[in-house]
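The structure under discussion appears below in the form of structure tokens.
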Amino acid sequence: MTSLHGLVPHPALLLIAGALLLPLLRGRARSVAILALPALALAALWLLPDGVLWRVHWLGYPLTPLAVDRLSRLFASIFLLLAGIGGLFALRQESRLEIPAAYLYAGAAVGVTLAADLISVFLFWECMAIGSTLVLWSAGTPAAWTASRRYVGVHLAGGMLLFAGVAGQILGTGDTGFHVMRLDSPASWLILAGFLVNAGAPPLSAWLPDAYPEASWSGMVFLSAFTTKTAVYVLLRGFPGTELLIWIGLFMIFYGIVYALLENDMRRILAYSIVNQVGFMVTGIGIGSEMALNGAAAHAFTHILYKALLLMSAGAVLAATGRRKCSELGGLFHSMPVTTLCGIIGALAISAFPLTSGFVSKSLVSQAAADAQLQGVWLLLAAASAGVFLHAGIKFPWFVFFQKDSGLRPADPPASLRWAMLLLAFLCIALGIWPDPLYALLPYPVAYVPYTAAHVVTQLQLLLFSGLAFFVMLDHLRRTPTITLDFDWLWRVAGPALAGVARARVRAARARLARGLTGLGRRAGAWILRNRAPDGLLLRSWSSGSMSLWVMLVLMAYLALYYLG
Amino acid sequence: MKRGHRLEDPRSIRKLWRGFLVLLALSVLAGALIDPKPHFAIEGWFGFHALYGFVACLVMIVGAKVLGWCLKKPDTYYARDGHDD
């Protein structure tokens with residue numbers, strides 16, 4: 001195997017090259033390529049041995065764009081798996097741009113996980129921003145266009161922070177390698193800030209629920225998987241055990257719950273719950289023990305699967321009804337049984353119900369908090385687990401598929417969409433029942449047994465009673481056609497308003513200046529005309545007599561001054 | 001499919017509620033049969049997770065309502081004023 005690995009292509013570059021060739025294909029060849037590309041890249045990944053495999057010099061810097069270890073293999077595998085299943089789901093997507101863009105995006109995300117130097121990480125990082133923006137654009141609606149402008153603005157700003165940090169780090173240490181960093185220099189703070197922007201951390205979390213829901217019915221599946229989870233990967237690699245991340249993660253968890261509770265748009269509810277779930281991962285990274293880091297990695301893996309499943313069921317509803325608002329949906333279980341079932345399985349998995357994938361991954365983070373004797377953190381994580389069931393576990397399926405009957409009777413989606421959903425639903429349950437294959441992939445050995453009587457019973461108590469709270473408080477949770485303001489108000493309203501005021505001020509000042517200059521010019525012109533015109537003071541013709549008089553007067557004055565002097 | 005699915009029948013809904021309440025009671029009673037091996041004293045209290053889950057959800061709902069009063073706007077807020085153009 002070791003001797004052969006030189007022949008194996010870089011999985012990320014393979015997917016990116018395939019993405020660039022995809023637009024040339026049509027019909028069956030295109031469909032086959034869409035399904036085969038991620039599978040080939042996944043095969044390439046698993047043919048590669050652990051270790052640093054590519055070393056190149058570029059602009060005088062040593063780069064290692066291909067290096068594999070357990071953590072990078074785990075993340076690259078789930079990215080490629082999701083790219084393939086997402087490709088199957090999006091096979092019938094009318095936009096011919098979306099899947100190539102999504103594969104460019106997925107390839108770049110895989111590239112970040114396989115890069116062992118900061119420069120390669122940065123280059124793939126920016127490719128992700130381009131790929132994801134193209135996925136948004138491919139929705140082709142005015143809302144997607146305006147959202148993509150805000151999205152790319154935030155991500156380019158995040159990219160600048162990262163670039164400044166990377167440049168500072170390389171200049172400061174002379175090392176291009178991407179290792180564990182300590183927050184002891186402005187450069188490492190900038191790198192952390194750049195990573196956190198993509199994680200959806202405060203105060204910029206709003207870019208995520210603002211942009212993702214505007215993608216097409218299939219586009220949001222891709223968007224949910226890569227950007228935030230790549231951020232989780234780089235935080236795992238660069239900043240494990242950074243205590244600040246515990247508090248940032250906890251903030252993200254409760255931000256996601258509270259905003260999702262207030263939200264009416266089903267895809268924005270799921271977008272807020274991405275921030276919420278990434279919060280669990282970021283908290284785990286902050287705790288920093290082997291159990292916690294395993295938990296963060298495992299939760300990223302399972303979350304990609306169940307969130308994609310939830311978004312596929314929401315996407316199937318959107319494609320069939322053209323509606324996203326809970327207040328306009330309801331009763332769809334009548335005619336969309338497969339979509340309803342898959343939505344419920346995704347909802348149970350995100351809520352960490354026993355026998356689902358969320359149960360075996362989220363528990364690792366909570367257990368790590370308990371093992372570290374962080375009682376406050378543990379209590380908040382437990383409350384958050386109840387809150388996840390409340391805001392996503394029940395709210396999403398209840399308002400979309402049940403509650404009042406909206407009278408809509410759309411059919412389940414076509415076969416390729418159904419198969420993609422069923423495959424993910426199977427994985428969510430299979431990993432819940434048999435977590436060993438996932439545990440075997442985690443960066444550290446796992447000695448944790450999720451299925452103890454105590455754990456199952458306490459988790460069921462927590463979830464069932466949060467379900468009771470949902471139905472007891474249902475009147476207070478009824479959806480209204482509203483949105484909740486967020487920090488993006490600053491750049492969507494306050495910023496443009498301030499810019500408008502500044503523009504008006506500048507315009508007024510310029511008009512005043514122009515008026516003043518015109519008046520001045522006019523007065524100067526009049527003065528010149530008065531003096532320099534043919535009949536003006538200085539140029540008019542004088543009679544010889546008056547000239548002689550003036551000459552005589554001047555001479556007399558001279559004489560008088562001479563005598564007086 | 002015709003209207004009036006059995007899940008929408010009030011009698012079924014009553015039965016579902018009863019089943020749910022039985023499930024809640026069983027989950028709390030099951031707590032007496034297990035050895036929780038608590039990490040923290042509070043975890044060992046009988047029915048702690050049930051009560052904590054319920055109260056935490058109430059607090060989050062009330063918290064969200066309070067935040068909603070301050071920050072809720074019609075969903076046409078950004079489109080209406082042409083902020084996003």
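Labels below follow one simple rule: chain letters A, B, ... track the order of the sequence lines, proteins then strands, and each chain is numbered from 1.
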(message) Counting only non-hydrogen atoms closer than 4.5 Å, does A/Asp371 touch chain B with its backbone (N, CA, C, O), its side chain (CB onward), both, or neither?
(response) both
(request) Any chance you could measure A/Gln461, atom CD, to B/Phe54, atom CZ, to the nearest 0.5 Å? (result) 14.0 Å
(message) If I compare all heavy atoms of A/Asp488 with all of B/Tyr78, which pair ends up nearest, and what's the gap?
(response) OD1-OH, 3.6 Å
(request) Give the member of A/Leu468, A/Leu460, A/Val456, A/Leu477 that has the highest number of heavy-atom pairs under 4.5 Å with chain B. (result) A/Leu468
(request) Look only at the side chain of B/Tyr77 and the backbone of A/Thr484, and say whether a donor-acceptor pair between them is shorter than 3.5 Å. (result) no
(message) Working to the nearest 0.5 angstrom, can you tell me the gap between B/Tyr52 OH and A/Leu379 CG?
(response) 4.5 Å
(request) Walk me through it: do A/Phe470 and B/Ile61 pass the test side chain to side chain contact (heavy atoms under 4.5 Å, CB included)? (result) CA-CA 9 Å; A/Phe470 178 85; B/Ile61 292 170; 6.0 Å; no
(request) Report the option among A/Gly331, A/Ala260, A/Ala383 that has the most heavy-atom pairs separated by less than 4.5 Å from atoms of chain B. (result) A/Ala383
(request) Heavy-atom pairs under 4.5 Å with chain B are the metric here; pick the option from A/Ala147, A/Ser466, A/Pro481, A/Ala382 that has the most. (result) A/Pro481
(request) Sort A/Gln459 into side chain, backbone, both or neither according to what part of it lies under 4.5 angstrom from a heavy atom of chain B. (result) neither
(message) If I measure from the heavy atoms of chain B, does A/Leu262 come under 4.5 Å with its side chain, its backbone, both, or neither?
(response) both
(request) Indicate whether the side chain of A/Gln367 and that of B/His39 have a donor and an acceptor atom separated by less than 3.5 Å. (result) yes
(request) With the side chain counted from C-beta on, respond yes when A/Val258 and B/Leu67 share a heavy-atom pair under 4.5 Å apart, and no when they do not. (result) yes
(message) side chain to side chain contact (heavy atoms under 4.5 Å, CB included), that's the test. Do A/Phe254 and B/Met60 meet it? Break it down for me.
(response) CA-CA 9 Å; A/Phe254 288 99; B/Met60 280 183 268; 4.1 Å; yes
(request) Begin from the C-alpha positions of A/Val457 and B/His49 and carry the test side chain to side chain contact (heavy atoms under 4.5 Å, CB included) through to its verdict. (result) CA-CA 9 Å; A/Val457 168; B/His49 285 84; over 6 Å; no
(request) Check each atom of A/Phe389 against the heavy atoms of chain B and say whether the ones under 4.5 Å are side chain, backbone, both or neither. (result) neither
(request) Return the minimal non-hydrogen interatomic distance between A/Phe465 and B/Ser27, and the atom names on each side. (result) CE1-OG, 3.9 Å
(request) Please state whether the rings of B/Phe48 and A/Trp378 are parallel, tilted or perpendicular, taking 30° and 60° as the class boundaries. (result) parallel
(message) Rounded at 0.5 Å granularity, tell me how far CD1 in A/Ile483 sits from OG1 in B/Thr76.
(response) 8.0 Å
(request) Check whether more than 12 heavy atoms from other residues, nucleotides or ligands sit under 6.0 Å from atom CZ of B/Phe20, and answer yes or no. (result) yes
(message) In the structure I gave you, are the side-chain heavy atoms of A/Lys325 and B/Asp75 within less than 4.5 Å of one another anywhere?
(response) yes
(request) Measure the NZ-CG distance between B/Lys65 and A/Leu261 for me, rounded to the nearest 0.5 Å. (result) 10.5 Å
(request) Give the minimum heavy-atom separation between A/Ala469 and B/Leu58, together with the two atoms involved. (result) CB-CD2, 4.3 Å
(request) Tell me, for A/Leu390 versus chain B, whether the close heavy atoms (under 4.5 Å) come from the side chain, the backbone, both or neither. (result) side chain
(request) Output every pair passing salt bridge (Lys or Arg N to Asp or Glu O under 4.0 Å) with a member in residues 12-34 of chain B, not counting sequence neighbours, ordered by first then second residue. (result) none
(request) List the atom of A/Ala453, the atom of B/Ile34, and the distance in Å for their closest heavy-atom pair. (result) CB-CG2, 3.8 Å
(request) Look at atom CH2 of B/Trp45 and say whether more than 12 heavy atoms of other residues, nucleotides or ligands are closer to it than 6.0 Å. (result) no
(request) Identify the two heavy atoms, one from A/Gly387 and one from B/Cys57, that lie closest to each other, and give their separation to 0.1 Å. (result) N-SG, 4.5 Å
(request) Hey, could you give me the CH2/CG distance between A/Trp489 and B/Leu71, rounded to the nearest 0.5 Å? (result) 10.5 Å
